[in-house]
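For reference, the structure discussed in these notes is given below.
Indexing begins at 1, ligand by ligand and atom by atom, following the structure's order.
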Amino acid sequence: MKDRVKSIISQMTLEEKASLCSGKDFWHLKGIERLGIPEIMVTDGPHGLRKQSGEADHLGLNQSVRATCFPTAVTTASGWDRENLFEMGKAIGEECVQEEVSVVLGPGTNIKRSPLCGRNFEYFSEDPFLAGELSAAWINGVQSQGIGTSLKHFAANNQEKARLVSNSVIDERALREIYLTAFEIAVKKGQPWTIMCSYNRINNVYSCENQWLLNDVLRGEWGFHGLVMTDWGAMNERTKALEAGLELEMPSSGGYNDRKIVEAVREGRMKEAVLDCAVTRILTAVLKAQEVKKKNYDKDRHHDLAQKIAEESIVLLKNDGMLPLNKASSYAIIGAFAEIPRYQGSGSSKINPHRVDGALEALRNMGMKCEYAQGYELYSDEIQQELINEAVACAERSAGAVIFAGLPDSYESEGFDRSHLDMPKNHNALIEAVAKVNPHVTVVLHCGSPVLMPWKDDVEGIVLSYLGGEAAGSASAKVLTGEVNPSGRLAETFPISLGDTPCYHHFANEVKDVEYRESILAGYRYYDWADIQVLYPFGYGLSYTEFIHEGMQIEWDDEAGKGCAKVTVSNKGKRAGYEVVQLYIGKEDTSVMRAPKELKGFQKVFLNPQETKTVKLLLDKRSFSYYDIEEHGWIIEDGNYQLYAAASSRDIRLKTDLKVNGKVIMRNPEYKVSDVVKNGRFSCSEDQFKKLFEGELPLIPKMDKISLNSTVQEVLEQESGRNAFQEMVDHFNKKFDGEDDLNVMMRAMLKDMPLRALGMFGEAVMEDIEKKVKDMN
Ligand code: BGC
């Protein structure tokens, strides 16, 4: 392969080489016929294949071919099952083979910093170890079929607000321990063919042109061998990006940036060797993709797999004895989601499924006696009293009621974030009204992120189905009836209120600089550290059986830096089921700021009634390390560590101490709870935050002039800006004036879109936009 690539490059002109560094259109890389270089197709991702049918529309919003819609990442993450992620990846790889797609754009590995992020449904977890392990499994599954993946969005892309221009201001330790670790695990264990750079800046440097991130960390430290591409429209300065290690710009810039590359080489501003290196990486991926032979997949088998994964990912949050349902009784099945589940999220990941199973139909097919009442309108928040009355009457004549509720599409999507954690008022009102007339109520939730549950104490059961893919309805039905014993565990914390979240004051506000003041205290790390009560903790989930953790043994070899924890679990109940053994590690006498415990191992294990098994969880140096900002490296602090075998982050079953030899560290913990948690809220001053940085905070410098990076809103605030761009903006708004979720998403993004992105959406050629900007200044 190396020689072939070399020989092709030696025959290429400078223009041809530059042209390979950007897309042909929205979904294809360019080919060069005379050299036998094919045009390969890359497409979304991540929970199925979103291959646009017919002509690409330069926006990527056209209908896509039918494909299996697997459960979204928030759902699969709750399965805590590497094998399922591998199988799902493999199936998606098979669909790519049939559809002649070479690279699928996923997985989404970003950390859930706030439950408000509109795209949380596409991401796995608030914990980097879990997110990294599951990403790696999925990557390995897809790539086992000779299809590439694109690990995204690298990195620190944790909100949708102003996503094309925001600046994630993060201290080095938090970046390493929280926001990069998941990617690091995925790269080292999965070796994705490609990585997709995020839109945002990190500490004032765009990810796409970040030498440190791409060349030093990703390639130098982690040993990444593949190619790096931009997120769609993320390119800022072309040659800077190329030099930083970003090869491919997606989609096309209409030749604008290719010409910049040619000019830079001709004028001696960039060495041709930099371009050759980029072209080598692009060609290597393209030629690898050529090796795949077309073959059809079995869509029924994939549907069954989607169902199995959904079943094993559903989290039983509450059960006061109502579940599983009794087949001899008759139930009121309430809520429009019972007929049409919400099974995926909106935006670039939206799949056109082969079919969608509704829970109502599935329950009836299973022989359950069900009476249905709609309860609320699917596309409105307004309380429809007649619908509620009908549901109440239905519940009154039934043995119990199962209410399907949650978040509609309009509440969470790529392109914007939520501003609160509430469910629509018509869903809450329905649950409250039904619970008043029947003591036996179970709520099944479809949502892509945590919600508040004001009715929690009034219902007997809560089943979190999240967004379970095309077989979501059948999966919920199986769990409700007990054909499947629920085994999902939360991969994120459900807080009691939004104000409890550690980034409450610094998430997606009106400024571009987003200060990650909570530093390493993301998710359960913070709630444990600050001792904050939560609605449901990370790692939590009930079962229809009972598991006992019987014993834990630790083996550790300081010199080899390796070991394991062996945890013995038994099923003491009457039903077979899966337990998720979770291993957390903490250091009570630490001299650095540390969460009381961090997830360092997990294993899902199936146990028949009365069966006992011992699971082995591997340990390595990183299990005990923290990232030291004075040494700029991972360090094991000498001393005693606590290893916890747990059923959730707040349900520790066994604890063992282990002495680990390391370095004696004498530091003052950066934050003290009493200094930064006021009245139960994380509230850290700028001065406190600044101490985590070596110098000033890396904020975006104030700009007096309009530039290609100015947002539409900034430009329209000026008269000259309105004169130059109002027409383009109006045209954009008109083009996306529909009320469906994709149009709503596009309109939501416009205000915070930089001028350079208007080129990608076909509003004007880049040269014209550039000229208008020049004329304005
Ligand atoms: C999204 C990516 C996606 C790409 C192509 C971008 O807007 O952020 O996740 O892969 O579009 O659709």
Polar contact flag for Arg50 and ligand 1 (N/O pairs, less than 3.5 Å):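 Checking ligand 1 against Arg50, no N or O pair falls under 3.5 Å apart.
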
Any idea which part of [X] is under 4.0 Å from ligand 1, heavy-atom wise: side chain, backbone, both or neither?
| X | value |
| --- | --- |
| Met749 | neither |
| Lys152 | side chain |
| Glu122 | neither |

Tyr179 and Tyr516: CA distance, side-chain angles, deciding distance, ring pair (Phe, Tyr, Trp, His ring centres under 6.0 Å) verdict: CA-CA 11 Å; Tyr179 297 99; Tyr516 286 46; 5.1 Å; yes

Identified side chain to side chain donor-acceptor pair (under 3.5 Å) counterpart of Thr68 within the set Arg355, His303, Glu95: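 In the set Arg355, His303, Glu95, the residue that makes a side chain to side chain donor-acceptor pair (under 3.5 Å) with Thr68 is Glu95.
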
Donor-acceptor side-chain pairing of Asn709 and Ser707 below 3.5 angstrom: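 Not at all, the side chains of Asn709 and Ser707 share no donor-acceptor pair under 3.5 Å.
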
Mutual orientation of the aromatic rings belonging to His153 and Tyr123 [parallel < 30°, tilted 30-60°, perpendicular > 60°]: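 Ring orientation, 0 to 90° scale: perpendicular.
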
Atoms of ligand 1 less than 4.0 Å from [X] heavy atoms?
| X | value |
| --- | --- |
| Glu414 | 1 (C), 6 (C), 7 (O), 8 (O) |
| Trp27 | 5 (C), 12 (O) |
| Met196 | 10 (O) |
| Leu105 | 10 (O) |
| His153 | 2 (C), 8 (O), 9 (O) |

Identify the closest protein heavy atom to [atom]: which residue and atom is it, and at what distance?
| atom | result |
| --- | --- |
| atom 5 (C) of ligand 1 | Asp44 OD2, 3.3 Å |
| atom 1 (C) of ligand 1 | Asp231 OD1, 3.3 Å |
| atom 7 (O) of ligand 1 | Tyr199 OH, 2.9 Å |

Sidechain-backbone polar pair: Thr72 side chain, Gln344 backbone, donor-acceptor under 3.5 Å: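 The answer is no, because no donor-acceptor pair under 3.5 Å joins these two groups.
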
Main-chain N/O of Gly245 paired with Arg219 side-chain donor or acceptor, under 3.5 Å: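 A pair under 3.5 Å: yes.
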
contact_flag Met250 ligand 1 heavy-atom lt 4.0 Å: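 Checking ligand 1 against Met250, which is what was asked, there is no heavy-atom contact under 4.0 Å.
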
Check: Tyr206 ring centroid to Tyr199 ring centroid under 6.0 Å: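 So the answer is no for these two rings.
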
Student check: side-chain heavy atoms of Arg418 and Glu160 closer than 4.5 Å: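 Heavy-atom side-chain distance check fails, nothing below 4.5 Å.
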
Test item: Leu29 and Val286 side chains (from C-beta on) under 4.5 Å apart, heavy atoms: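 They are in side-chain contact.
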
